[in-house]
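A short write-up of the structure that comes next.
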Protein chains: 2
Amino acid sequence: MQKTRTTNQRLKILEHLRNIRTHPNAEAVFKSVRKDLPVISLATVYRNLNMLASQGTILKLEINGEYKFDANTCGHQHAVCTNCGKIIDIFEPAITTYALKKLTLNGFKSGCVDIIFKGRCDKC
Amino acid sequence: MQKTRTTNQRLKILEHLRNIRTHPNAEAVFKSVRKDLPVISLATVYRNLNMLASQGTILKLEINGEYKFDANTCGHQHAVCTNCGKIIDIFEPAITTYALKKLTLNGFKSGCVDIIFKGRCDKC
DNA sequence: TACCTATTGATAACAATTATCATTAACGGT
DNA sequence: ACCGTTAATGATAATTGTTATCAATAGGTA
Ligand SMILES: [Mn+2]
Ligand SMILES: [Mn+2]
Ligand SMILES: [Zn+2]
Ligand SMILES: [Zn+2]
């Protein structure tokens, strides 16, 4: 078991995600964080986003053919516009609670659910 | 508005999806359908899967970094093993019904929800 | 301060999907 | 049954998002 080191790159990536309410992909995080840390590499962004997601610090969503990241890990949901791709947060914690409670599958123990609504946003 | 033609390739792809209970990606559908239709192209499989999904005939799920297809469009859920990637059908229609009912968002009208549980399967 | 090695930056490699285009075939009209 | 139109196809190039590689760097500990 290797111990993880605290790097400036990882801190800046997490800090950025916690300051926004959008759901950027790795490329977008890279472009934003690079303003503060001009030397950071895209590979480092990918590595840290994956690390943070695997330890549960952030969410890794699969939307529109790519991974989107979210620092809000509290049971909320997402709505995706099938026309323009816009992603909106839905705060109905009861849905997540209900889904996890209902799940009494044969041997399948789950602690989290991705709930993604598909439809048209108000602009489309 | 162009009218769609009924092709043997599209019929075979849909027929195959309706005969299985798994959630194959385009490549897997291609390999299976090619047994019946040796000359079919991978591009044709992609085109038809996307067409069938956009018209709501089949589901297009985003799991483990790729699109998976499902001919069962009735409101069920999916559980994905975070260790081996296995996908299991969960039949708890009440979850989908509850989620759609709870969704009373500003202008966002949705008719379908993708509900994906993440956890460990019985083998892992 | 010196050592160990986790992490990084740069870039190559990879995998999934989409775009392109000449050819084929579905189907409504004759 | 034969056309003519054009949606759809097969083959393959191009694109995109992500991961792998590896020498160099820097975090943590003594
Ligand atoms: Mn969110
Ligand atoms: Mn299914
Ligand atoms: Zn929209
Ligand atoms: Zn498993």
Side-chain angles (χ1 to χ4, degrees), chain A residues 1-17 22-55 57-70 80 82-83 85 87, chain B residues 1-17 22-55 57-70 80 82-83 85 87:
Chain A
M1 187 71 84
Q2 67 183 27
K3 92 186 304 246
T4 60
R5 295 175 182 175
T6 310
T7 67
N8 203 243
Q9 287 90 334
R10 183 150 49 240
L11 287 175
K12 281 285 180 6
I13 288 168
L14 184 56
E15 181 187 297
H16 171 67
L17 278 179
T22 54
H23 304 80
N25 60 9
E27 185 77 35
V29 172
F30 172 59
K31 284 179 179 166
S32 299
V33 173
R34 196 161 49 164
K35 291 171 188 168
D36 263 321
L37 235 73
V39 293
I40 197 170
S41 163
L42 178 59
T44 299
V45 173
Y46 269 105
R47 273 186 301 248
N48 281 297
L49 288 173
N50 284 335
M51 174 183 288
L52 291 167
S54 70
Q55 68 189 30
T57 307
I58 64 173
L59 294 183
K60 185 179 183 179
L61 307 167
E62 300 193 50
I63 296 173
N64 294 332
E66 59 187 27
Y67 292 111
K68 312 281 194 179
F69 300 89
D70 189 348
V80 181
T82 50
N83 187 247
I87 302 173
Chain B
M1 187 69 87
Q2 67 184 23
K3 94 186 301 256
T4 61
R5 296 174 183 175
T6 310
T7 67
N8 203 244
Q9 287 88 336
R10 182 150 50 242
L11 288 174
K12 282 284 180 8
I13 289 168
L14 183 56
E15 180 187 295
H16 170 67
L17 278 179
T22 53
H23 304 81
N25 60 9
E27 185 77 35
V29 172
F30 172 60
K31 284 178 178 166
S32 298
V33 174
R34 197 161 48 165
K35 292 171 187 168
D36 264 321
L37 234 71
V39 293
I40 199 171
S41 162
L42 177 59
T44 299
V45 173
Y46 269 103
R47 274 187 301 249
N48 281 296
L49 288 173
N50 284 336
M51 173 183 287
L52 291 167
S54 69
Q55 68 189 30
T57 307
I58 63 172
L59 294 183
K60 185 179 183 178
L61 308 167
E62 300 194 49
I63 296 173
N64 294 330
E66 59 186 29
Y67 291 112
K68 313 280 193 180
F69 300 89
D70 189 348
V80 181
T82 50
N83 187 247
I87 302 173

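Numbers restart at 1 for each chain; the letters A, B, ... are given by sequence-line order, proteins then strands.
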For [X], side-chain hydrogen bond (donor to acceptor under 3.5 Å, both in side chains) partners two or more places apart:
X: A:S41; value: none
X: B:K31; value: none
X: B:Q2; value: none

Donor-acceptor pairs under 3.5 Å, side chain of residues 4-12 of chain A to any protein atom, not counting sequence neighbours: which ones?
{"unit_1": "A:T7", "atom_1": "OG1", "unit_2": "A:R10", "atom_2": "N", "d": "3.2"}
{"unit_1": "A:R10", "atom_1": "NH1", "unit_2": "A:N48", "atom_2": "OD1", "d": "2.5"}
{"unit_1": "A:R10", "atom_1": "NH2", "unit_2": "A:R5", "atom_2": "O", "d": "2.3"}

* Asked: Distance-only, no hydrogens or angles: does the B:S32 side chain make a donor-acceptor pair with backbone N or O of B:A28 under 3.5 Å?
  -> yes
What's the [atom1]-[atom2] distance between [X] and [N], to the nearest Å?
X: B:R10; N: D:dA7; atom1: CZ; atom2: C1'; value: 9 Å
X: A:L49; N: C:dT8; atom1: CG; atom2: C1'; value: 15 Å
X: B:R34; N: D:dG10; atom1: CZ; atom2: P; value: 11 Å
X: B:N48; N: C:dA25; atom1: CG; atom2: P; value: 15 Å
X: B:L11; N: D:dA7; atom1: CG; atom2: P; value: 19 Å
X: B:K12; N: D:dG10; atom1: NZ; atom2: P; value: 12 Å
X: B:M51; N: C:dA19; atom1: CE; atom2: P; value: 14 Å

* OP1 or OP2 of C:dT8 less than 4.0 angstrom from a side-chain nitrogen or oxygen of A:S41, does that happen here? ->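 No, no such contact exists.
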* Asked: B:Q2 side chain N/O closer than 4.0 Å to the phosphate oxygens (OP1, OP2) of D:dA8?
  -> yes
* To do: With sequence neighbours left out, write down each residue that passes ring pair (Phe, Tyr, Trp, His ring centres under 6.0 Å) with A:H16, or none if nothing qualifies.
  => none
* **Non-neighbouring partners of A:Y46 that pass side chain to side chain contact (heavy atoms under 4.5 Å, CB included), sequence neighbours left out** => A:A26, A:L42
* Taking five pairs at each end, how big is the angle between the two axes of the helix from C:dT1-D:dA30 to C:dT30-D:dA1, to 10°? ->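 Between the axes fitted at each end of the helix from C:dT1-D:dA30 to C:dT30-D:dA1 lies an angle of 50°.
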* Structure fact -> In short, side-chain hydrogen bond (donor to acceptor under 3.5 Å, both in side chains) pairs touching residues 61-70 of chain B with sequence neighbours left out are B:H23-B:D70, B:N25-B:E66, B:E66-B:K68, B:D70-B:H76, B:D70-B:H78
* To do: To the nearest 0.5 Å, tell me how far B:I13 CD1 sits from B:L37 CG.
  =>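 It is 8.5 Å, given to the nearest 0.5 Å.
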* Structure fact -> Heavy-atom contacts, protein to nucleotides 15-28 of chain D, under 4.0 Å, summarised as B (base), S (sugar-phosphate only) or - (none) per nt, yield --SBBBB----BBS
